[in-house]
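Data block below; observations after.
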Amino acid sequence: MTPVHPRRRSRLAFASAVSAAILAAGAGCGEPSPAGPIAATAAASTQATVPPGVGTATAASGASSATARPSTSPSIKASPSPKKSGPRTASAAAPLAGRIRPNVTYRGKATFYDAGDGDGACLFGPAGDLMIGAMNQTDYEASKACGAYVLVRAANGASVTVRITNLCPLPCAPGQIDLSPQAFAKLADPKRGEVPITWKLLSPSISNTISIRYKTGSSQWWCGIQAIGHRNPIARLEVRTSTGWQRLPRTDYNHFLSANGSGCGGAIRVTDIYGERLTINGIALKPDVAQPTRVQFAKH
């Protein structure tokens with residue numbers, strides 16, 4: 001295999017720099033990538049391996065439900081998924097999507113980098129499955145791409161499904177995905193270094209449920225909240241305060257921040273790009289502990 005390009009070797013260092021920028025604000029949304037989309041296609045489903053949660057996933061359509069649990073365990077409430085009736089455009093199918101939308105095929109190139117243990121700018125932690133990738137900075141869109149599953153296909157017909165866990169900084173171009181060496185090898189001989197690809201967003205079949213984790217240093221006066229193991233990309237995270245639900249701003253390092261502590265330790269509401277909203281109660285304010293729930297977004 002040819003030596004890894006210096007840019008790729010720097011990916012983990014870049015992720016560490018992002019982690020250090022604790023108070024950095026998330027960047028805004030961009031316009032659609034010049035490199036894509038190129039065609040509207042139906043998103044295929046695939047089995048994905050992610051850290052197991054507790055309980056089972058919700059049904060693929062209709063309202064999610066959960067059986068009552070002891071008061072020490074998180075409880076959840078889900079709003080109904082948008083009804084599916086007839087053909088819809090990509091934006092109508094996922095009204096809260098950013099640059100990466102379902103049923104749209106994007107074009108770019110695949111490269112690879114030293115993925116190490118699989119941790120990256122999204123700060124999910126070490127990955128049990130190294131079928132992962134780093135999204136280019138433009139389509140990363142201030143961490144909106146974190147946790148997204150994408151099907152990557154090469155011109156030779158080979159394909160691989162990866163989960164986005166990292167950021168590929170400039171000079172990574174719009175449409176480009178920097179893969180782990182293991183994922184790149186599913187597409188082509190690593191000696192090639194890079195190959196042209198197309199890719200699209202998936203809403204895969206998974207068996208785990210969502211977990212919630214408070215950032216290190218979180219307290220009743222300041223907290224950062226992260227959703228882990230979600231089937232579909234997260235669009236919003238809100239906390240319940242004395243005056244109602246408060247939407248938290250998102251950072252480049254994939255946390256939602258409550259700068260004055262409002263809602264820290266209380267009920268949490270997460271919404272995916274399709275508009276499905278899940279309310280989670282009973283999550284203790286325990287920094288750096290992934291606390292499983294019994295809920296998962298519907299499959300699309």
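Bear in mind that the values here come from a model prediction, so they are computed numbers and not experimental data.
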Going by heavy atoms in the side chains, are [X] and [Y] under 4.5 Å from each other?
| X | Y | result |
| --- | --- | --- |
| L201 | P233 | yes |
| L237 | V270 | yes |
| V195 | N156 | no |
| S203 | Y149 | no |
| T293 | I283 | yes |
| F297 | I234 | yes |
| V150 | I164 | yes |
| L167 | Q137 | yes |

Backbone N/O of [Y] and side chain of [X]: donor-acceptor pair under 3.5 Å:
| X | Y | answer |
| --- | --- | --- |
| E194 | K109 | no |
| N232 | A298 | yes |
| S218 | G224 | yes |
| N208 | G229 | yes |
| W199 | G175 | yes |
| N136 | D139 | yes |
| D288 | T216 | no |
| Y214 | G265 | yes |

[atom2] on [Y] to [atom1] on [X], rounded to 0.5 Å:
| X | Y | atom1 | atom2 | answer |
| --- | --- | --- | --- | --- |
| L179 | L130 | CG | CG | 12.0 Å |
| Q226 | F256 | CD | CZ | 9.5 Å |
| H300 | L202 | NE2 | CG | 13.0 Å |
| R236 | R277 | CZ | CZ | 8.5 Å |
| T279 | R240 | OG1 | CZ | 6.5 Å |
| Q182 | F112 | CD | CZ | 10.5 Å |

Return the minimal non-hydrogen interatomic distance between [X] and [Y], and the atom names on each side.
| X | Y | value |
| --- | --- | --- |
| D129 | M131 | OD1-N, 3.0 Å |
| P102 | I273 | CD-CD1, 4.2 Å |
| I197 | A110 | CG2-CB, 3.6 Å |
| Y113 | A134 | CE2-CB, 4.0 Å |
| A183 | V160 | O-CG1, 3.9 Å |
| I210 | A227 | CG2-CB, 4.4 Å |

**Request:** Please assess R213 against V289 for the test side chain to side chain contact (heavy atoms under 4.5 Å, CB included), listing each intermediate value before the final yes or no.
**Result:** CA-CA 6 Å; R213 181 166 59 197; V289 176; 5.7 Å; no
**CA sep, side-chain torsions, deciding dist, call: N166, I132, side chain to side chain contact (heavy atoms under 4.5 Å, CB included)** = CA-CA 8 Å; N166 209 346; I132 56 175; over 6 Å; no
**Asked** When you look at I212 and I225, which way does the side chain to side chain contact (heavy atoms under 4.5 Å, CB included) test go after all the steps?
**Response** CA-CA 7 Å; I212 298 295; I225 307 173; 3.8 Å; yes
**Message:** Quiz question: by atom type and distance under 3.5 Å, do the side chains of D178 and T111 form a donor-acceptor pair?
**Reply:** yes
**Message:** Here's a test for you: under side chain to side chain contact (heavy atoms under 4.5 Å, CB included), which of D272, T271, V295 qualifies with L278?
**Reply:** V295
